[in-house]
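Comments concern the structure below.
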Amino acid sequence: MASIARPTRIGVISDGVLAEEGNPFNLKYAVLAAQPGDVLEDVTTPNYVVADALYRTGLVVDADQRGLGVAWPAEQDMPGQGRAMVRAAGDSAAVIHAMVGPGPNWFTISGVSYERETMDRVRAAILNGGYSWPEGRITVTVETVTGRPLDSSHDLAIACAILGADGHYHPDAMTDVALIGELGLDGQVRPVPDVNEAARSAIAAGCTTVLIPDANMSDFDVPGIGIYSVENVDQAVRVLQTFDRANS
């Protein structure tokens with residue numbers, strides 16, 4: 001089946017069945033180890049992200065001519081996919097998953113308050129920060145304890161997740177690290193309100209280090225956690241690269 005660029009949704013797998021998280025009325029998909037050969041190519045169905053794995057879905061027709069939904073891991077037809085998992089800190093710690101894989105150029109993000117504005121801000125900040133925008137399919141998803149969508153104070157974490165998935169630092173560098181900061185279109189990291197509360201949420205989630213906006217440094221007063229202040233996207237990536245070397 002040809003790859004089709006389309007939005008990615010958040011799913012959950014239970015008892016071998018994939019369903020859309022928070023929506024019990026959607027079509028459910030039986031999870032298979034690989035794509036079956038009789039998937040209907042003219043029926044478009046969504047992709048789903050479960051944890052840090054991407055699943056494709058499709059329809060097959062059984063002997064009684066009934067349509068059955070099936071799902072399979074996207075790794076079956078997405079070799080060379082890059083991944084990164086980044087922690088963000090806010091009112092509650094969040095985990096941001098980014099995947100960069102081959103295929104038509106497209107970018108989708110879920111779990112944020114204003115998807116289009118966030119996508120535009122992150123893309124501009126990466127480009128103006130001196131990095132090329134990754135080629136291929138970019139999928140960013142967010143996991144939070146509260147289920148609330150993320151605000152702009154998580155921009156830096158989203159951008160660094162994408163750059164990590166594109167290979168600018170080793171994802172292992174992000175162990176026990178959380179990022180805090182809004183991004184300007186110019187790639188600068190802007191201050192955020194309640195930076196101390198965000199850092200405390202990172203500690204509660206098991207993080208030992210935070211990256212915060214340089215402009216918040218004078219307000220920071222949270223003991224018991226390592227801290228790095230950054231002015232822009234490039235500085236943040238360079239810090240993560242030092243963690244990479246330290247862990248090697």
Side-chain angles (χ1 to χ4, degrees), residues 82 84-91 93-98 100 107 109 112-114 116-134 138 140 142 150-203 205 207-248:
M85 183 183 77
V86 171
R87 294 174 185 258
D91 59 348
V95 179
I96 297 168
H97 301 275
V100 176
F107 177 25
I109 185 169
V112 298
S113 297
Y114 301 98
R116 174 51 56 187
E117 291 85 346
T118 300
M119 292 165 66
D120 291 344
R121 205 164 50 243
V122 168
R123 180 184 174 92
I126 287 175
L127 292 172
N128 291 324
Y131 294 91
S132 298
W133 185 251
I138 303 170
V140 177
V142 174
L150 302 187
D151 60 21
S152 58
S153 67
H154 300 79
D155 288 351
L156 179 62
I158 294 170
C160 287
I162 293 171
L163 291 171
D166 200 37
H168 291 281
Y169 62 89
H170 196 283
D172 288 347
M174 291 304 302
T175 303
D176 302 328
V177 178
L179 290 85
I180 306 167
E182 180 181 330
L183 292 177
L185 298 177
D186 57 0
Q188 297 297 302
V189 181
R190 295 175 172 174
V192 299
D194 301 323
V195 66
N196 291 327
E197 185 60 31
R200 292 187 188 99
S201 73
I203 294 174
C207 295
T208 59
T209 304
V210 291
L211 273 64
I212 70 169
D214 187 69
N216 279 126
M217 193 63 184
S218 60
D219 303 324
F220 192 82
D221 185 23
V222 179
I225 193 166
I227 179 172
Y228 291 80
S229 64
V230 295
E231 296 182 354
N232 51 54
V233 169
D234 184 51
Q235 281 190 7
V237 172
R238 290 178 185 273
V239 169
L240 298 179
Q241 289 171 344
T242 67
F243 296 164
D244 186 5
R245 289 192 290 272
N247 292 335
S248 62

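Here, residue 1 is the first one in the sequence, and each next residue gets the next number.
The salt bridge (Lys or Arg N to Asp or Glu O under 4.0 Å) check on D120 picks up R116, with sequence neighbours excluded. I227 is linked by a side chain to side chain contact (heavy atoms under 4.5 Å, CB included) to V210, I212, M217, F220, counting only residues two or more places apart in sequence or in another chain. Applying the side-chain hydrogen bond (donor to acceptor under 3.5 Å, both in side chains) test to D194 and every residue at least two apart in sequence or in another chain returns nothing. A search for salt bridge (Lys or Arg N to Asp or Glu O under 4.0 Å) contacts involving R121 returns D155, not counting sequence neighbours. With sequence neighbours left out, Y131 forms a side-chain hydrogen bond (donor to acceptor under 3.5 Å, both in side chains) with D234. Legend: residues meeting side chain to side chain contact (heavy atoms under 4.5 Å, CB included) with A125, ordered by chain and number and at least two apart, are L183, V233. Residues satisfying the side chain to side chain contact (heavy atoms under 4.5 Å, CB included) test with A215, not counting sequence neighbours, are P191. Among residues two or more places apart in sequence or in another chain, the side chain to side chain contact (heavy atoms under 4.5 Å, CB included) test is passed with Y114 by E117. With sequence neighbours excluded, no residue satisfies salt bridge (Lys or Arg N to Asp or Glu O under 4.0 Å) with D166.
Looking at every heavy atom in both residues, I180 comes nearest to A199 through CD1-N, 4.0 Å. Listed here is the closest heavy atom pair of R87 and A205: NH1-O, 3.3 Å. Between P134 and V100, the shortest heavy-atom distance links the atoms CB-CG1, 3.9 Å. Here the shortest heavy-atom pairing between L127 and W133 reads CD2-N, 3.5 Å. Taking every heavy atom of both residues into account, V142 and A94 meet most closely at CG1-CB, 4.3 Å.
The CZ atom of R238 sits 12.0 Å away from the NE2 atom of H168 when rounded to the nearest 0.5 Å. Put simply, CZ on R123 and CG on N128 are 11.0 Å apart, with the number rounded to the nearest 0.5 Å. In this structure, I162 CD1 and I126 CD1 are separated by 4.5 Å, a value rounded to the nearest 0.5 Å.
The ring pair (Phe, Tyr, Trp, His ring centres under 6.0 Å) contacts involving residues 173-194 comprise nothing, where partners must be two or more places apart or lie in separate chains. Applying the salt bridge (Lys or Arg N to Asp or Glu O under 4.0 Å) definition to pairs two or more places apart or across chains, those involving residues 174-191 are E182-R190. The list of side chain to side chain donor-acceptor pair (under 3.5 Å) pairs with a residue in residues 213-227, not counting sequence neighbours, reads D214-S229.
With L179 as the partner, the side-chain contact (heavy atoms from CB on, under 4.5 Å) test is satisfied by one option alone out of V230, I158, L156: L156.
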- Taking it one step at a time, do V222 and R200 satisfy side-chain contact (heavy atoms from CB on, under 4.5 Å)? CA-CA 7 Å; V222 179; R200 292 187 188 99; 4.2 Å; yes
- Could you go step by step and tell me if F243 and T209 meet the side-chain contact (heavy atoms from CB on, under 4.5 Å) rule? CA-CA 11 Å; F243 296 164; T209 304; 4.0 Å; yes
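Using a 4.5 Å cut-off on side-chain heavy atoms (C-beta onward), I96 and L150 make contact. Inter-residue side-chain proximity for Y169 and M174 is flagged as met; some heavy-atom pair is nearer than 4.5 Å.
Without hydrogens or angle criteria, Q188 side chain to G184 main chain gives no donor-acceptor distance under 3.5 Å.
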